[in-house]
Amino acid sequence: MSRTKQMEQKWQQRWEAAHLFEADPDPRREKKMVTFPFPYMNGPLHVGHTFTASRVDAYARFKRMQGYNVLWPWSWHWTGQPLLGASQRVARGDAAYIKVLLEVDGVPEEELKKFVDPLYMAQYYTNEGRMAVKSIGFSVDWRREFTTVMPTFQKFIEWQYKSLKEKGYVTRGTHPVVWCPKDKSPTGDHDRQSGEGVTPEEYILIKYQLSDNIFLPAATFRPETIYGITNMWVNPDVDYVEAEVGSECWIISKEAAEKLTDQERKVVVKRSFKGKELVGKTFTNPITRREFPILPGWFVDPKTATGLVYSVPAHAPYDYLALRDLQQKPEVLAQFGIGMEVVRAIKPISIIKVEGFGEYPAVEIVEQMGIKDQNDAKAEDATKELYKKEFHSGKLKETCGQYAGKSIREVKDVLISDFKKAGFADSMVDLSSQVVCRCMTQCIVKVLSDQWFLNYSDPHWKELAKQVIAQMSIYPEVAKPWFNTVVDWLREWACARTTGFGTPLPWGEGWIIETLSDSTVYMSFYTINKYIRQNDIKPESLTPEIFDYIFLNKGDVKELSKTTGIDSELLVSMRNEFLYWYPFDLRNSAKELVPNHLSFCIFHHAALFPPQFWPKGFGVNGMLMVEGQSMHKSKGNFITMKGAVEKYGADATRCGLLLGAEGMDDPDWRADNVYDLKNKFDGLMTFAESIIVTAKNDDNTALEGWLQSRLQQRIKAVTMALDELKTRTALQTALFETWNDLRWYIQRKGNTSAKVLGGVVKDWLKMLAPFAPFMCEELWSQTGEEGFISVAKWPIYDYAKIDVAAEEQENLVIDVMADTNNILKAMKIEPVKIVYYTAVSWKWQVYLKIVKKTIFGQAKINELMKEFTSDTSLKPHMKAIASMVPKIIKALTKVSGDRKANMVKIGVVDEKTILRDAVKFFNDRFNAEIQVFSESDVKCFDPKGRAAMAIPYQPAIYVE
RNA sequence: GCGGAGGUCGCCCAGCAUGGCCAAAGGCGUAGGACUGAGGCUCCUAUCCCGCAGGGGUUCGUGGGUUCAAAUCCCACCCUCCGCACCA
């Protein structure tokens, strides 16, 4: 077994034996409750889960080290349809699917057989998942674990829905869904063979009159075009029916009649006939009362809406094309006994004014694009383009009655409701393109009646939800407005279904609570599930009154105890546990859950809990990519949590993911990078171990001062970043930046023997512990410290350890090094000898004066010169000063305000001593003889006369 | 289409709120060197272009604009990713 693996197992076992992550209320400590949306158990946990949950774990571990009492519970989502579907595919012997389970998920053959039982399947993945979560080192309190089909949990959901209903948030109504006639259930995107993303769309039916009591309901998305109608199109070859729809008589396609029956319409078909029977007849526009002819159109699809289309050649390219085609084919018309003059007489009627077009936009666009006829593929593009333009910038003309002058955008909804009220229009829903179910059946639209909804449209509820958001911390902050727009945008949500696993709706009738709707406030259940499990509380005891007491302090404990058999002290403990932990402080998920789960969580908390229990914080992160692609089992790039840990180790997996991205950016999993990181960690361990062994002496020079000062800044940065869940920044600083500081120190120092260094390394490990806990525990134990680093005290930024002088001293060395390098590069030589000359004291007087001036704004050369002239001590140097001042001012534009302030604070720096102390360092680095002089030194070696160029913080340099 | 997030020096990605300290942090990769029996381990150096002296030139999706000054502010355009509902 590899060292990594051994180490992981060792610490996992020790944590567990110590019950380290089991959290109980402790009145002396502040708490943090962090959560992760329970994963759905129709498959293994993958690196996407790992990324999101690693952020939670890093935060949890960080807060725990800061002294908080941290609770991180975990559970498993079993309710819903996919588990059932997956199990059925196994039962059916779906070879492709089974292959995925065996190869991607790594399910053993003998287990797979048992997957015909969906609950067995869920249990299998749950067990696997739990092991994976433990092996990656998430600091979870497992005593609160549950699955969503457990009867005790379902009692909680019953309470939730009973409460929501009582408060009026549950309503009943009808709703159109994509429906599989064979499965007799809605067909969601996941259940489709084809037609992903297709949703039912509402067609407006304009009820043109064939006669006084027979209607031709022509379908359109653009009812405003009724003013521009010139004729109607009917497909002569397809079957139409005359049917009683409600109390009216409609002529529609045969298919349409069937569809309407699924849409809560009463349809009685009276007779069936071919479309050609209608061709040549005339009909009346209900609004203008004018008459128009019915013409043959083979492009009319009986499967779309009513199978009747009215023609608006001025604005619809297809209509114009069809008309033009007919005008060129008298023989076709003759077949139907229509005279050529009828068609010739049809002139487009312009009703919309659009910028960039004249009277007849459809005619123009057809000609511009050179579209041949109605079968030309470009006709589709023309239609789209024109529609977009007309919708956004089109204005209705005076021919449009009361709607004249209005833009289409603003008038559309009004117009529809007006038409419906007047009885000119009706509507039906249909699919814009074909949808096929996984069972290979063609789907239809079905309007479900008596459907139960969560009424997210309720303005009062929306308002409450916004109040919840207002008091929350949302990381990153840019996600906050998004939540507000989602709250505005959410409508009624069907919260019950008839198939799949789930909690029966408490008011029965064969409904099951929909799976996104049963996972909105369950975080509160974690607080008490520990007691339910420990005391084996039976589901029947968990009455709604019990939850009312625990969560809302309603009712009398003694009474409740008597009726339910739960000990009253236990009830009080449950109440107290809830009070201690709730509300949760952080819930982190990927951004795809913002418009649903996370927003539902907000709504439901607003509905069920008083403000003191409203969520405190959400974290939102990007979607994990794998080698630049979205991860999919079918793409063969699916990486499980278990597999990643086995291959790269827990620490590298966690850190590899967290270094990928933060905020809402999508992190990218690059296997090579993770592999490198694993090697890096091996190196880090060797590095840290060697320091731990050697750091024994009491050195405390400026270099140690620098190291400690730097560390303080790292501590500050990491702490701040973690507080805002900027896990990438935090890890980057903790791991790489701090490591670089240590490297620099060791190089400059030449050894690793200072005790101070050992102390810094301990703080370094602490900062890394939230990210790479196994490695850090291991190293921590080697430092001789007692206890786990997982609960060691988080380092605190100590201002007293900030050593400005030491930092500036190092900056000088760094700058000198950089300048020397630049010179060497320009000269393209290998140096033999390098000489540095530091500035004399009167230059410091000049320099610091200028620094001060630039801090408080513009440094004016003439003013400065005046001041220097008036200083008699500078008199002998005025010529030099005159040439130096502009140079210094320019150089200072590249210096930060902070550094300038430090320069002023420190005053004159003994550069000669500092550089002389660094001679060995420079010597190693440049592989050349190094000499350091002050320009005032009498025995100065200065063959090129460079010494006089020395400026404070910029020693002159000579190279040969 | 609607809503959200983005496009930075080979790659991943900081910076953009509060314009100047930005040729722009860090990681990866690459090149050279050190260490080593050897090393794909580790360490150092370099990595936009030019420069025999610490300097100069051209960059931050594209095109404009504001400003003494723009990766950062404004406008337009192009491209990528995510969500859009009965589904986890």
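To find a chain, count down the sequence lines: A is the first, B the second, and so on, and within it residues start at 1. All of these numbers come straight from a predicted model, not from anything done at the bench.
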Whole angstrom value for the distance that separates C1' of rC2(B) from CD of Glu201(A): 13 Å
Met827(A) side-chain proximity, nearest of rA46(B), rC52(B), rA88(B): rC52(B)
For nucleotides 13-15 of chain B, print each protein N/O atom paired with a nucleotide N/O atom at under 3.5 Å, atom names and distance only.
from	atom 1	to	atom 2	distance (Å)
rC13(B)	O2'	Arg728(A)	NE	3.2
rC13(B)	O2'	Arg728(A)	NH2	2.3
rA14(B)	OP1	Asp665(A)	OD2	3.3

Side chain to side chain donor-acceptor pair (under 3.5 Å) against Lys466(A), all qualifying residues, sequence neighbours excluded: Asp488(A)
Tyr836(A) and Phe922(A) aromatic ring geometry - parallel, tilted or perpendicular at 30°/60° bounds: tilted
Distance, rounded to the nearest Å, where Phe736(A) contributes CZ and rC28(B) contributes C1': 9 Å
Nucleotide paired to rA71(B) in any strand shown, Watson-Crick or G-U, under 3.5 Å: none
Any side-chain heavy-atom pair of Met817(A) and Thr820(A) under 4.5 Å: no
Nearest-angstrom distance from the residue atom CH2 of Trp489(A) to P of rG1(B): 18 Å
Proximal nucleotide (of rC11(B), rG4(B), rC28(B)) relative to the Asn673(A) side chain: rC28(B)
Donor + acceptor pair across side chains of Glu662(A), Thr729(A) (<3.5 Å): yes
Side-chain heavy atoms of Leu598(A) within contact of Ser589(A), under 4.5 Å: yes
Touch class at under 4.0 angstrom, heavy-atom based, for Thr148(A) against every strand present: nothing
Rounded C1' spacing from rC73(B) to rG19(B) in Å: 7 Å
Side chain to side chain contact (heavy atoms under 4.5 Å, CB included) against Arg743(A), all qualifying residues, sequence neighbours excluded: Trp739(A), Asn740(A)
Donor-acceptor pair under 3.5 Å, Asn822(A) side chain vs rG51(B) base: yes
Candidates rG26(B), rC11(B), rA88(B) - which lies nearest the side chain of Gln732(A): rG26(B)
Aromatic centroids of His46(A) and Phe638(A) separated by under 6.0 Å: yes
Close side-chain approach of Ser517(A) to Tyr161(A), heavy-atom, < 4.5 Å: yes
Identity of whatever pairs with rC11(B) - Watson-Crick or G-U, under 3.5 angstrom: rG27(B)
Nearest-0.5 Å distance, CG of residue Leu742(A) to NZ of residue Lys749(A): 14.0 Å
rA88(B) phosphate, OP1 or OP2, under 4.0 Å from Thr515(A) side-chain N/O: yes
Cys655(A) and Phe681(A), any side-chain heavy atoms less than 4.5 Å apart: yes
Check against side chain to side chain donor-acceptor pair (under 3.5 Å), Thr171(A) and Trp452(A): CA-CA 6 Å; Thr171(A) 55; Trp452(A) 293 99; over 6 Å; no
For atom CE of Met623(A) and atom P of rA88(B), their distance in whole Å: 16 Å
Pairwise C1' distance for rC13(B) and rA24(B), with rounding to whole Å: 13 Å
Interatomic distance where CZ belongs to Phe51(A) and P belongs to rC82(B) [whole Å]: 15 Å
Sugar-phosphate only, base, or nothing, as touched by Lys825(A) at under 4.0 Å among non-hydrogen atoms: base
First encountered from the 5' end of RNA chain B, between Val895(A) and Ile823(A): Val895(A)
Pairwise P distance for rC9(B) and rA5(B), with rounding to whole Å: 23 Å
Contact list for RNA chain B against residues 951-960 of chain A - heavy-atom distance below 4.0 Å: Gln954(A), Pro955(A), Ala956(A), Ile957(A), Tyr958(A), Val959(A)
Sugar-phosphate, base or nothing in reach of Thr199(A), heavy atoms under 4.0 Å: sugar-phosphate
Distance, C1' atom - from rC22(B) to rC60(B), rounded to whole angstrom: 10 Å
Beyond-backbone contact of Asp942(A) with Val835(A), side-chain heavy atoms, under 4.5 angstrom: no
Assigned partner base of rC52(B), Watson-Crick or wobble definition, under 3.5 Å: none
Distance, P atom - from rC21(B) to rG57(B), rounded to whole angstrom: 15 Å
rU67(B) versus rG61(B) - spacing of their P atoms, nearest Å: 23 Å
Asn740(A) side chain near rG27(B) phosphate (N/O to OP1/OP2, under 4.0 Å): yes
Geometric class of the Phe603(A)/Tyr456(A) ring pair [parallel <30°, tilted 30-60°, perpendicular >60°]: tilted
Spacing between Leu824(A) atom CG and rG55(B) atom P, to the nearest angstrom: 14 Å
Interatomic distance where CZ belongs to Arg946(A) and P belongs to rA53(B) [whole Å]: 9 Å
Gap in Å between the two C1' atoms, one belonging to rG54(B) and one to rC75(B), rounded: 42 Å
Sugar-phosphate, base or nothing in reach of Leu490(A), heavy atoms under 4.0 Å: base
Whole-Å P distance, rA85(B) and rC79(B): 24 Å
Aromatic ring proximity, centroids under 6.0 angstrom, Phe483(A) and Phe618(A): yes
Lys726(A), NZ: over 12 other non-hydrogen atoms inside 6.0 angstrom: no
Any protein N or O atoms within reach of nucleotides 35-43 of chain B? Criterion: under 3.5 Å, listing atom names and distances.
from	atom 1	to	atom 2	distance (Å)
rC43(B)	OP1	Arg743(A)	NE	3.1
rC43(B)	OP1	Arg743(A)	NH2	2.8

Interatomic distance, Met664(A) CE vs rC81(B) C1' [rounded to whole Å]: 12 Å
Residue whose closest nucleotide on RNA chain B lies nearer the 5' end, Trp452(A) versus Asp898(A): Asp898(A)
Complementary nucleotide of rC16(B), counting Watson-Crick and G-U pairs under 3.5 Å: none
Residue pair Phe501(A) / Leu84(A), side-chain heavy-atom distance below 4.5 Å: yes
G-U wobble or Watson-Crick pairing nucleotide for rC77(B) (cut-off 3.5 Å, both distances): rG61(B)
Sub-4.0 Å heavy-atom contacts from residues 592-602 of chain A onto RNA chain B, ordered by number: Glu592(A), Pro595(A), Asn596(A)
Check: Ile850(A) and Ile889(A) side chains under 4.5 Å, non-hydrogen atoms: yes
Sugar-phosphate only, base, or nothing, as touched by Asp682(A) at under 4.0 Å among non-hydrogen atoms: nothing
Watson-Crick or G-U wobble mate for rC21(B), both contacts under 3.5 Å: none
